[in-house]
Amino acid sequence: MKLLVVIVTYHVPQLAIDCLRSVAAEIDTVPGTSVAVCENGSNDGSAERIAAAIEQGGWGAWCSLTTLPVNLGFTGGNNAILRPAMQSADAPQYVLLLNADTIVRPGAFKALVEFMDHNPAVGIAGSRLEDPDGTPQRSAFRFQSPLGEFEGNLKLGIVTRLLSRWVVAPPVVDRPIATDWVSGASMIIRREVLSNVGLLDEGYYTYFDDIDYCFNAARKGWPIWYVPASRVVHLVGQSTGVTKREKRTPSYMLDARRRYFLKNYGPAYAAMADLGRILGLSLWQLRVAL
């Protein structure tokens, strides 16, 4: 198999069906592509709706549906597909993790696969994510740091300019670039990376799992790149229910953040990152109040 596209969905059957409809137009652009949908224990009729759409669309030749009895989170849902795929006699050369709340633009799969084929040393690559109107979203990131946490929560122009080297989400560029990590909303992984690094860490229910995976791939010598020729619409937060309008950060997102820093940097660095976040947020709240 050339490419395995994995889509995990939970309580969003219509988003998953819309995503599959966009994927259907791209299947023939990369010969040897298969799609595996994981319905992650919604138990609300979502699996039946998706199965009916696959049958009605005539997508069964390239799309399979796995239904889990319970929600295993984003990482567990992906691993439920990846584990048997990597153990099969026809393990995929590439795996593309694709969110259910995405719409694939024409040529998106082909651009990623061709980039990986032409750059065999690259382990992971990510698409350019964008709004439905084509406005680009920041999709190539730096690893979090205490200064990055401070800047990202303070949100003050002069500080952002002074700490530009530590800004987690730099401005969007229109050319392929090496980067620290890319969004798991559309992230292609080479088979050898999965064999070397392993599957996703199921200690993350959701969030920070893509950062963690890129961090550990980079630590093993696999570069990560951003490939803007691969364009994917991302309906931010629609598959998880977390949007920019949320007033409070969900506890599981904070738990994932904590796990990431403790696992990869240790308690002292995690404490420094917490301090940077708290100080930046406190100064931002003071600025708003004034």
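Both backbone and side-chain heavy atoms feed into the values below; hydrogens, waters and symmetry mates do not.
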Taking atom types as modelled and ignoring hydrogens, do the side chains of Y213 and D201 form a donor-acceptor contact shorter than 3.5 angstrom? no
Where do E149 and R142 land on the salt bridge (Lys or Arg N to Asp or Glu O under 4.0 Å) test, with the steps shown first? CA-CA 11 Å; E149 293 289 282; R142 297 189 180 102; over 6 Å; no
Going from CG on L4 to CE on M86, what distance comes out if it is rounded to the nearest 0.5 angstrom? 10.0 Å
Under the 3.5 angstrom rule, does the side chain of S42 hit a backbone N or O of H11 as a donor-acceptor pair? yes
I81 and A36 have their tightest heavy-atom pair at CG2-CB, 3.5 Å
In sequence, state the C-alpha distance, the side-chain angles, and the governing distance for R161 and I158, and then conclude on side chain to side chain contact (heavy atoms under 4.5 Å, CB included). CA-CA 5 Å; R161 289 191 291 273; I158 187 171; 3.8 Å; yes
How close do Y204 and A256 get, heavy atom to heavy atom, and via which atoms? CE2-O, 3.4 Å
Should F215 and D180 count as side-chain neighbours, where that means a heavy-atom distance under 4.5 Å? no
With distance as the sole test, does N153 use its side chain to make a donor-acceptor pair with the main-chain N or O of G280 at under 3.5 Å? no
Checking D274 against R257 for the salt bridge (Lys or Arg N to Asp or Glu O under 4.0 Å) test, could you report, in this order, the C-alpha distance in whole Å, the side-chain angles of both residues, the deciding distance, and whether it holds? CA-CA 10 Å; D274 287 346; R257 174 187 176 278; 2.7 Å; yes
Hey, does I188 have a side-chain heavy atom less than 4.5 Å from the side chain of V95? no
Verify the neighbour count for atom CG of L286: are there more than 12 heavy atoms of other residues, nucleotides or ligands below 6.0 Å? yes
If only side-chain N and O atoms count, and only distance matters, is there a donor-acceptor pair under 3.5 Å linking W225 with N119? no
Hey, quick one: are F115 and F109 part of the same hydrophobic cluster, counting side-chain heavy atoms closer than 4.5 Å, chains of contacts allowed? yes
Does either side chain, that of Q137 or that of R128, offer a donor lying less than 3.5 Å from an acceptor on the other one? no
How many angstroms lie between CG in N71 and CG in N40, if you round to the nearest 0.5 Å? 4.0 Å
Within this structure, what is the CD1-OG distance for the pair I189 and S195, rounded to the nearest 0.5 Å? 11.5 Å
Over 60° means perpendicular and under 30° means parallel, so classify the ring planes of Y265 and Y269, tilted if in between. parallel
Take a 6.0 Å sphere around CZ of R219 and say whether it holds more than 12 heavy atoms from other residues, nucleotides or ligands. yes
Which atoms form the tightest heavy-atom contact between E202 and G76, and what is the distance? CD-CA, 3.8 Å
Sidechain N-carboxylate O distance under 4.0 Å for R21, D18: yes
Is there a donor-acceptor contact under 3.5 Å from the side chain of D209 to the main chain of Y207? yes
Using 30° and 60° as the class boundaries, would you call the ring planes of F141 and W181 parallel, tilted or perpendicular? parallel
Check this for me, if you would: do E130 and R231 make a salt bridge, where the nitrogen-to-carboxylate-oxygen distance has to be below 4.0 angstrom? yes
Please report the shortest heavy-atom distance between A16 and I50, naming the atom on each side. CB-CD1, 4.1 Å
Cluster check L98, L65: I/L/V/M/F/W/Y, side chain < 4.5 angstrom: yes
Is D117 salt-bridged to R190, cutoff N-O under 4.0 Å? no
What's the verdict on side chain to side chain contact (heavy atoms under 4.5 Å, CB included) for R287 and K155, showing C-alpha distance, side-chain angles and the deciding distance? CA-CA 10 Å; R287 182 162 62 92; K155 305 169 190 168; 4.1 Å; yes
Is any side-chain heavy atom of P92 less than 4.5 Å from a side-chain heavy atom of L3? no
Hey, is CD on Q285 packed in by over 12 heavy atoms from elsewhere, all under 6.0 Å? yes
Are the side chain of S230 and the backbone of V227 linked by a donor-acceptor contact shorter than 3.5 Å? no
More than 12 heavy atoms of other groups within 6.0 Å of W284 CH2: no
Start with the C-alpha gap between V37 and L20, add the side-chain angles, then the distance that decides, and say whether side chain to side chain contact (heavy atoms under 4.5 Å, CB included) holds. CA-CA 9 Å; V37 178; L20 285 173; 3.9 Å; yes
Sub-3.5 Å donor-acceptor pair from the side chain of N196 to the main-chain atoms of E192, do we have one? no
Can a side-chain donor-acceptor contact be found between E39 and T9 if the only test is distance below 3.5 angstrom? no
For Q144 and F208, work out which heavy atoms get closest and say how close. NE2-CE2, 4.0 Å
If you count heavy atoms of other groups shown closer than 6.0 angstrom to NZ of K263, is the number above 12? yes
Under a single-linkage definition using a 4.5 Å side-chain heavy-atom cutoff for Ile, Leu, Val, Met, Phe, Trp and Tyr, are M187 and L129 assigned to the same hydrophobic cluster? no
Check whether any side-chain heavy atom of V70 sits under 4.5 Å from a side-chain heavy atom of L72, and report yes or no. yes
Is there side-chain contact between I124 and W222, with at least one heavy-atom pair below 4.5 Å? no
Begin with the C-alpha distance, continue with both residues' side-chain angles, and end with the deciding distance and a verdict on ring-ring contact (aromatic ring centres under 6.0 Å, His included) for F74 and Y205. CA-CA 6 Å; F74 181 79; Y205 181 75; over 10 Å; no
Do M272 and L275 come close enough that some side-chain heavy atom pair is under 4.5 Å? no
Is the shortest heavy-atom distance from the side chain of D210 to the side chain of S183 under 4.5 Å? yes
Gap between atom CE of M1 and atom OH of Y94 - 0.5 Å precision: 14.5 Å
Linking I/L/V/M/F/W/Y whenever their side-chain heavy atoms sit closer than 4.5 Å, directly or via other members, would W166 and L283 fall into one cluster? yes
Quick one: does any side-chain atom of D101 pair with a main-chain N or O of L15 as donor and acceptor, under 3.5 Å? no
Apply side chain to side chain contact (heavy atoms under 4.5 Å, CB included) to residues W62 and T33 and explain how you reach the verdict. CA-CA 7 Å; W62 49 265; T33 295; over 6 Å; no
Is the side chain of T135 donor-acceptor paired with the backbone N or O of D131 at a distance under 3.5 Å, no angle test? no
Taking all atoms of both residues into account, what is the closest heavy-atom pair of C214 and V182, and its distance? SG-N, 3.8 Å
As an exercise, state the distance from CD of Q87 to CG of L82, rounded to the nearest 0.5 Å. 11.0 Å
Looking at P228, S139, S186, which one forms a side chain to side chain contact (heavy atoms under 4.5 Å, CB included) with S127? S186
Does one hydrophobic cluster hold both V113 and V6, with members joined at side-chain heavy-atom distances below 4.5 Å? no
Would you mind reporting whether L68 and Y10 have side-chain heavy atoms less than 4.5 Å apart? no
The criterion is side chain to side chain donor-acceptor pair (under 3.5 Å); which residues satisfy it with T29, sequence neighbours excluded? none
Nearest 0.5 angstrom please: R165 CZ to L162 CG, how far? 12.5 Å
If you draw a 6.0 Å radius around CG in D44, do more than 12 non-hydrogen atoms from other residues or ligands fall strictly inside? yes
